[in-house]
Amino acid sequence: MTITFITGANKGLGRETARRLIECGHTVLVGARNREQGEEAAAALGARYVPIDVRDDASVAAAAANVTEHEGRIDVLINNAGVHGPLGDPSNLTAADALAVLDVNLIGVVRTTTAFLPLLRRSDDPVIVNVSSGMGSLALTHDPDRPESHVVAPLYTSSKAALTMLTTQYAKGLKDIRVNAADPGYTATDLNGHSGLQTVTEGTDAIVALATEGPGAGTGRFVSRHGEMAWS
């Protein structure tokens, strides 16, 4: 039985990913900061709730200890938790604004990955999926035919560009684990006020595909629902 831990799994892409992976036969652990929402999602989906706030070292360590005690390992870690931060005119951005976004979207991934590596290394086929975004792509955000080029989200885009690079470095450095990034595409979620053009199910296609690949699949890839993307 494949055991999958998902951060930010109480709503949006995380919750839909959990639902779909349970349908695929995974045992899913719903990681979420909000206990009430996390417990509700887990109960509705048939999963187990694990409290985790990716901004907090002690919370992340406690989540890893919780999984160690109950499951003893994980096979797939999906770093999904994310925030968008300020949108539009960047004139009044502050260092505090930047730290708040990076603390979840980038540093939270580092915290969670480091804490869960011992659990992943107990798997016969360990996998990490980082939920990044085409909003972090220089090519897509400069292509007038792409929706990514029409959004001004300075800190979100910067954090996702950093996350895609972090993914390539993990893939190079963690020889025993497959590490890939998923681009959900412009999906209707709370993050964008449900303005996205894709359904939440379409938005999870790449995440689910990377989480369900068999042994020997590639590492260090950036994948959308339409296939592999260039690192640019």
- Message: Enumerate the ring pair (Phe, Tyr, Trp, His ring centres under 6.0 Å) contacts for residues 3-29, please, sequence neighbours excluded, ordered by first and then second residue.
- Response: F5-F116

- Item | Set of residues satisfying side chain to side chain contact (heavy atoms under 4.5 Å, CB included) with respect to D176, sequence neighbours excluded | R121, L174

- Task: List in chain and number order the residues that pass side chain to side chain contact (heavy atoms under 4.5 Å, CB included) with A182, two or more places apart in sequence or in another chain; answer none if no residue qualifies.
- Result: V129, A206, I207, L210

- Note on the structure: Across all chains, not counting sequence neighbours, the side chain to side chain contact (heavy atoms under 4.5 Å, CB included) partners of A209 are none

- Message: Show me the pairs that pass side-chain hydrogen bond (donor to acceptor under 3.5 Å, both in side chains) and involve residues 210-220, at least two apart or across chains.
- Response: E213-R221

Table please: side-chain donor-acceptor pairs of residues 97-104 below 3.5 Å, with sequence neighbours left out.
from, atom 1, to, atom 2, distance (Å)
D97, OD1, T94, OG1, 3.4
D97, OD2, T94, N, 3.0
D97, OD2, T94, OG1, 3.1
D103, OD1, R111, NH1, 2.8
D103, OD1, R111, NH2, 2.9

- Item | Those residues that, when tested against T68, pass side chain to side chain contact (heavy atoms under 4.5 Å, CB included) (two or more places apart) | L119, R122

- Message: Going by the rule side chain to side chain donor-acceptor pair (under 3.5 Å), which residues pair with D125 if we only count those two or more places apart in sequence or in a different chain?
- Response: R178

- Qualifying residues under side chain to side chain donor-acceptor pair (under 3.5 Å), relative to Q37, sequence neighbours excluded: N10

Per-pair distances, 0.1 Å, donor-acceptor, side chain in residues 15-22, under 3.5 Å, sequence neighbours excluded:
from, atom 1, to, atom 2, distance (Å)
R15, NH1, E40, OE1, 2.8
R15, NH2, E40, OE2, 3.3
E16, OE1, R19, NE, 2.9
E16, OE2, R19, NE, 3.3
E16, OE2, R19, NH2, 2.6
E16, OE2, T201, OG1, 2.7
T17, OG1, L13, O, 2.7
R19, NH1, E23, OE2, 2.9
R20, NH1, T201, O, 2.9
R20, NH1, T204, OG1, 2.8
R20, NH1, D205, OD1, 2.7
R20, NH2, D205, OD1, 3.3

- Item | All side chain to side chain donor-acceptor pair (under 3.5 Å) counterparts of Q169, not counting sequence neighbours | none

- Looking only at heavy atoms, the pair that brings S132 and P184 closest together is O-CD, 3.3 Å

- side chain to side chain donor-acceptor pair (under 3.5 Å) involving S224 - partner list, sequence neighbours excluded: none

